[in-house]
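First the proteins, then the strands, lettered A, B, ... as listed; each starts at 1.
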Amino acid sequence: MRETTTVFVSNAFIRALALAGRGDDALAVCCQMSETGLSFDRFTYTYALKACVVGSGSGEMKGKEIHGSLLRRGFERNLHIATTLIDFYAKFGLVSCAGKVFDEMPVRNVVSWSAMIGCLAKNGRPFEALELFWEMMVGNPDEVPNSVTMVSVLQACAALSALGQGKFIHCFVVRRGLDSILPVNNSLVTMYSKCGDLEMARRVFDRMDRRDVVSWNSMISGYGVHGFAEEAIMVFKEMINDGRVSPNAVTFISLLGACSHSGLVDEGKRLFYSMVPEYHIYPSSEHYAGLVDILGRAGRLEEAMKVIEDMRIEPGSTVWGSLLGACRIHCNIEFAERASVRLFELEPTNAGNYVLLADIYAEAKMWEEVNRVKKLLEARGLQKVSGCSWIEVKGKIYSFVSVDELNPQIEQLHALLVKFSLEMKEKGYVPDTKAILYELDEVGKEEIVLGHSEKLAVAFGLINSSAGETIRITKNLRLCQDCHSVTKFISQFTNREILVRDVNRFHHFKNGLCSCGDYW
DNA sequence: GTAGGGTTAG
């Protein structure tokens with residue numbers, strides 16, 4: 001056979017295996033090609049890179065080797081290959097490698113731009129994703145963004161809680177006639193719900209002429225994170241009655257999350273135990289984590305532990321993480337230690353677990369243990385993730401870190417917060433400084449909690465918005481106890497609605513109360 | 001004769 005024919009056949013084989021999810025087998029065929037002296041062509045490279053993504057283990061290393069090989073043969077400038085490379089690096093979270101390929105491309109089109117925007121959006125760099133989108137729009141009038149581009153851009157807006165930008169993109173989507181495309185609408189539902197506008201999410205959802213399982217799941221999880229478990233379950237029932245789409249594993253993860261945020265213990269248990277008999281969906285570690293979360297938050301730690309012990313699969317880090325989170329709420333040392341032992345084995349570099357355990361010890365005033373955990377954290381070269389909050393004002397994002405000395409408005413924000421603090425103390429408020437894990441006098445600790453990023457963002461929101469406008473804030477961590485009570489007070493004192501999205505859920509503060517019912 | 005980017009959860 002001629003070599004071109006042989007390469008063609010091998011390509012087809014590699015492609016088929018990669019498409020079937022058998023990346024390792026596909027790569028084995030690649031190796032055979034090399035051994036028999038057949039050289040890759042431009043098609044082989046794209047299929048081989050795809051195989052690295054769907055393979056089991058060493059895909060990252062194999063892909064880098066493939067990159068080296070195609071580089072030596074001058075294929076990196078090929079549009080399709082470069083785009084595939086960007087996507088390969090994106091899937092392994094190697095943003096700077098993807099960026100390097102993108103920057104060095106001699107020619108780009110809408111697909112390569114979208115691949116890079118998607119890479120940033122999915123790897124925790126939503127701000128840069130939007131920047132790149134605008135660069136594409138402004139600097140490259142010939143490249144018209146399409147529905148795929150819009151999905152990634154909407155994802156970035158959702159991650160940032162950038163409602164203003166999201167609405168702008170929504171208008172753009174309508175003007176371009178992309179509003180009948182299913183994934184675009186699904187992304188709109190998620191964008192509006194993550195930006196805190198649940199009504200608009202529902203409106204988009206209701207107007208969709210076709211819905212797939214992602215549409216339903218998006219709406220269910222939207223209600224769930226906003227603390228409306230009953231509505232989430234109603235949407236689920238609508239989905240079942242409609243009958244055109246079957247629920248999947250994600251549906252139940254969303255439902256269990258919804259029950260957990262609202263404290264619906266019995267309903268959550270009922271849903272969990274209906275999965276296999278009614279829907280033939282076998283619970284994964286994430287589902288067990290959901291159930292453990294529901295029971296744990298409700299203070300039923302023994303029952304949660306029993307669920308873990310009786311699991312039919314090996315409990316993953318999410319399960320132990322749920323238990324540890326519950327131990328923090330209910331200050332249970334014994335189970336916290338059991339969960340930590342497993343978590344430190346399963347994910348030794350997750351700083352959050354060490355911090356949670358230290359918080360639990362601190363709450364119990366077990367300072368020696370607090371120091372022991374802190375030393376462990378340091379010994380492993382890890383750092384506590386620092387708190388960060390942000391707010392969108394007139395389409396621009398303003399972000400704050402705790403005790404934000406570099407912020408130009410810090411004096412003004414601080415003065416406003418001190419004023420609130422004094423008023424609150426007259427009404428019996430005592431600052432909650434338990435979250436501070438190092439020794440400091442009480443005055444110093446109060447100063448620090450008053451400088452928490454979330455409070456700075458609230459103060460900024462109050463100064464830069466008009467009465468009647470809802471203040472929308474996003475935070476990268478769980479809301480601390482003190483910020484929660486202070487925000488409740490501010491909502492009453494200023495007669496303003498404040499919406500805070502923390503890392504897990506939304507809190508609607510109004511008239512001195514929070515929608516989470518102080519249960520989060 | 002074969003090619004590239006997309007939505008839900010955690």
What about [X], does its side chain sit under 3.5 Å from the base of [N] through a donor-acceptor pair?
X        : N      : value
A:Asn504 : B:dG10 : no
A:Ser152 : B:dG5  : no
A:Thr84  : B:dG4  : no
A:Asn146 : B:dG6  : no
A:Ser147 : B:dG6  : yes

By nearest atom, which of the nucleotides [options] is closest to the [X] side chain?
X        : options              : result
A:Lys91  : B:dA3, B:dA9, B:dG6  : B:dG6
A:Lys122 : B:dT8, B:dT7, B:dG5  : B:dT7
A:Asn11  : B:dT7, B:dT2, B:dG5  : B:dT2
A:Val111 : B:dG5, B:dG6, B:dT8  : B:dG5
A:Ser112 : B:dG4, B:dT8, B:dT7  : B:dG4
A:Asn186 : B:dG4, B:dT8, B:dT7  : B:dT7
A:Phe43  : B:dA9, B:dG5, B:dA3  : B:dA3
A:Phe8   : B:dG10, B:dT2, B:dG5 : B:dT2

With heavy atoms under 4.0 Å as the rule, sort [X] into base, sugar-phosphate or nothing.
X        : answer
A:Ser187 : sugar-phosphate
A:Ser215 : nothing
A:Tyr47  : base
A:Ile181 : base
A:Val189 : nothing
A:Leu79  : base

Near-parallel close stack of A:His80 and B:dA3 base (under 5.5 Å, under 30°): yes

Side-chain donor/acceptor of A:Asp242 to backbone N/O of A:Glu238, under 3.5 Å: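 Looks like no, no N/O pair under 3.5 Å.
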
A:Ser260 side-chain N/O to A:Leu256 backbone N/O, donor-acceptor pair under 3.5 Å: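 Flag not set: sc A:Ser260 to bb A:Leu256 has no pair under 3.5 Å.
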
Sidechain N-carboxylate O distance under 4.0 Å for A:Arg342, A:Glu347: no

Exceeds 12 heavy-atom contacts within 6.0 angstrom, atom CZ of A:Arg210: no

Distance in angstrom units between A:Ile294 CD1 and B:dG10 C1', rounded: 14 Å

Euclidean distance, atom NZ of residue A:Lys194 to atom P of B:dT7 [Å, nearest integer]: 11 Å

A:Phe133/A:Trp113 aromatic ring centres below 6.0 Å: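 Not close enough - the centres of the two rings lie 6.0 Å or further apart.
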
